[in-house]
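Taking it in order: structure first as structure tokens, then the write-up.
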Amino acid sequence: MTDTNLAQAVEVINYAGSYDTNIKFLLADKQILARILKYAVQEFKDMDIDAIMSSIGDDIDVGTKALDAGMSNMGRITGSNVEDNVPGGGKIFFDIRFTAYHKETEMKFLMNIEAQKSSDSGKLGYHLENRIIFYLARMISAQKQTEFYHSDYDSLKKVRSIWICMDNREDGDSIEEISLERNTVFGEKVNTYGMDLMRGIIINIRGGKNRKDSQNTLISMLEKLLSQTDADEKKRILEEKYGMIMTAELEGRIQTMCNLSENIKALGVDEGMEKGMEKGMEKGRKQERLNAIERMVKAGAAKEQIILFGYTEEEIMEVKSIL
């Protein structure tokens with residue numbers, strides 16, 4: 001029997017969801033994480049890859065269930081719902097969370113990595129920068145009663161939220177930082193205390209097949225890793241050019257991702273179906289935001305408080321009109 005459009009769409013969504021899940025587990029491999037830290041996080045740039053790998057904790061959490069529960073040697077990676085829940089504020093599901101220890105300075109860092117298909121505010125319905133700041137703030141506030149107690153704010157750990165954005169144009173490969181900045185706006189007071197407690201990092205990689213290799217080592221590696229290149233060719237490049245060791249786990253993830261990519265293409269998804277799927281997912285995201293606002297309104301939150309959580313005045317008015 002020929003598949004109906006609905007049946008085909010369901011199958012594509014299943015493959016796409018598995019593909020996205022596999023990307024998260026692939027990025028959570030310590031060899032990949034170490035290279036992301038070295039080339040994107042300032043504090044780790046002078047460390048060699050092996051030292052960074054040993055500094056990454058064994059608490060790597062991926063915010064979704066594992067694709068293939070039968071895979072052995074998963075040890076370091078925990079498939080779980082990595083969520084941060086604030087009453088009235090809804091839940092945040094982080095893609096990847098882990099800790100890293102800078103041995104020379106004896107600093108502990110709380111890390112978050114997000115794989116983001118698009119950074120276009122027109123598609124997202126919000127500016128990604130605001131979401132990054134929100135994630136950083138939640139990573140800071142969640143430390144109370146875990147990393148520090150009472151008023152011991154100097155025990156706060158540094159947080160880094162790294163966003164890998166995958167839909168940039170041909171010349172859009174870049175790395176950006178969002179951080180706190182301290183300025184004296186009156187007087188001559190000199191403040192020596194650093195303000196690098198939280199920092200957002202955006203790694204912009206490019207799609208497409210005909211792009212030239214990026215001049216940035218990390219972006220070039222990520223573009224090869226996440227490309228639709230044949231699995232054997234991809235593994236060869238990662239070994240020879242980027243010095244990775246093809247462990248059973250890493251090799252399995254690469255092979256699975258390539259297979260899923262081929263399966264999605266084999267279904268022959270046309271542009272109209274793809275846009276329809278995107279529209280449906282966008283509608284779901286909007287409804288999720290409205291549901292969160294409704295919970296806050298019912299809990300007695302003021303409009304100003306709700307806006308601080310990243311929601312818009314228009315969304316608040318829409319919820320209140322429904323209520």
Side-chain angles (χ1 to χ4, degrees), residues 24-25 27-28 30 32-34 36-45 52 55-64 76-102 105-116 119 124 126-165 175-182 193-203 288-289 292 296 305-311:
K24 295 173 188 178
F25 276 93
L27 290 172
K30 277 193 176 181
I32 309 298
L33 293 179
I36 292 173
L37 295 189
K38 180 172 179 62
Y39 296 108
V41 181
Q42 293 180 13
E43 290 84 356
F44 293 86
K45 66 180 182 180
I52 298 174
S55 76
I56 296 173
D58 291 331
D59 57 347
I60 305 171
D61 288 314
V62 180
T64 185
R76 304 177 303 281
I77 302 175
T78 304
S80 61
N81 286 329
V82 185
E83 64 183 59
D84 177 14
N85 191 12
V86 173
K91 294 181 179 178
I92 285 182
F93 291 87
F94 295 91
D95 281 359
I96 304 166
R97 294 185 77 172
F98 62 99
T99 55
Y101 301 85
H102 194 278
T105 58
E106 297 184 347
M107 286 185 182
K108 177 182 178 182
F109 289 80
L110 306 183
M111 301 288 186
N112 158 234
I113 293 180
E114 298 290 321
Q116 186 76 13
S119 56
L124 296 173
Y126 57 85
H127 288 87
L128 184 63
E129 293 82 356
N130 290 331
R131 184 178 174 188
I132 293 172
I133 292 169
F134 184 57
Y135 273 48
L136 287 166
R138 291 280 282 262
M139 291 171 72
I140 289 289
S141 63
Q143 293 183 48
K144 189 168 179 63
Q145 309 304 328
T146 57
E147 298 293 339
F148 78 98
Y149 298 88
H150 306 299
S151 299
D152 186 20
Y153 295 106
D154 280 352
S155 292
L156 276 166
K157 304 302 184 290
K158 294 184 178 183
V159 298
R160 301 291 182 259
S161 188
I162 304 168
W163 295 67
I164 300 172
C165 300
I175 298 177
E176 307 168 88
E177 283 191 353
I178 299 172
S179 60
L180 292 173
E181 193 172 288
R182 185 171 192 160
Y193 186 72
M195 297 299 294
D196 62 342
L197 188 62
M198 61 183 192
R199 190 179 301 155
I201 299 160
I202 306 172
I203 303 171
E288 185 179 333
R289 288 173 65 85
M296 286 188 277
Q305 291 174 304
I306 298 173
I307 289 173
L308 284 175
F309 278 100
Y311 300 102

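Below, all heavy atoms of this structure are taken into account, side chains as well, without hydrogens, waters or symmetry copies. Note that the numbering runs from 1 along the sequence shown for the chain.
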Please report the closest heavy-atom contact between Leu136 and Gly200, naming both atoms and the distance. CD1-N, 3.6 Å
As an exercise, state the distance from CD1 of Ile132 to CD of Glu177, rounded to the nearest 0.5 Å. 11.5 Å
Working to the nearest 0.5 Å, report the span between CD1 of Ile201 and CD1 of Ile162. 4.5 Å
Got Tyr101 and Met107 here, is their nearest side-chain heavy-atom distance under 4.5 Å? no
Sequence neighbours left out, what passes side chain to side chain donor-acceptor pair (under 3.5 Å) with Lys144? Give chain and number order. none
For Gln305, which residues count as a side chain to side chain donor-acceptor pair (under 3.5 Å) partner, sequence neighbours excluded? none
I'd like to know if the side chain of Lys30 reaches the main chain of Ile56, judged simply by a donor and an acceptor atom lying under 3.5 Å from each other, with no hydrogens or angles considered. yes
Output, in order, the C-alpha distance, side-chain angles, deciding distance and verdict of side chain to side chain contact (heavy atoms under 4.5 Å, CB included) for Gln143 and Leu110. CA-CA 10 Å; Gln143 293 183 48; Leu110 306 183; 3.6 Å; yes
Please round to the nearest 0.5 Å and tell me the distance separating atom CD1 of Ile36 and atom CD1 of Ile52. 11.0 Å
Aromatic contact between Tyr135 and Phe94, with the criterion being ring centroids under 6.0 Å apart: yes or no? yes
Who are the side chain to side chain donor-acceptor pair (under 3.5 Å) partners of Asp196, not counting sequence neighbours? Lys158
Can you tell me how far the OG atom of Ser119 sits from the CD1 atom of Ile203, to the nearest 0.5 Å? 12.5 Å
Only one of Arg97, Met198, Met111, Arg160 passes side-chain contact (heavy atoms from CB on, under 4.5 Å) with Met139; say which it is. Arg97
Say you draw a straight line from CD1 of Ile133 to OG of Ser179; how long is it, rounded to the nearest 0.5 Å? 10.0 Å
Taking Glu114 for its side chain and Asp95 for its backbone only, find out whether a donor-acceptor pair lies under 3.5 Å. yes
Trace of the side chain to side chain contact (heavy atoms under 4.5 Å, CB included) decision for Ile96 with Asp61: CA-CA 6 Å; Ile96 304 166; Asp61 288 314; over 6 Å; no
Please give me the minimum heavy-atom distance between Gln145 and Tyr149, naming the atom from each residue. OE1-CD2, 3.1 Å
Apply side chain to side chain contact (heavy atoms under 4.5 Å, CB included) to Leu33 and Phe98, showing your working. CA-CA 10 Å; Leu33 293 179; Phe98 62 99; 3.8 Å; yes
Note, Ile164 side chain near Gln116 side chain (heavy atom, < 4.5 Å): no
For the pair Phe109 and Phe44, evaluate ring pair (Phe, Tyr, Trp, His ring centres under 6.0 Å) and give the outcome as yes or no after the intermediate values. CA-CA 11 Å; Phe109 289 80; Phe44 293 86; 5.4 Å; yes
Measuring from atom CG of Asn112 to atom CZ of Arg138, what distance do you get when rounded to the nearest 0.5 angstrom? 12.0 Å
Under the 3.5 angstrom rule, does the side chain of Lys108 hit a backbone N or O of Glu106 as a donor-acceptor pair? no
So, Arg131 versus Tyr126: side-chain donor-acceptor pair below 3.5 Å or not? yes
With distance as the sole test, does Lys38 use its side chain to make a donor-acceptor pair with the main-chain N or O of Lys45 at under 3.5 Å? yes
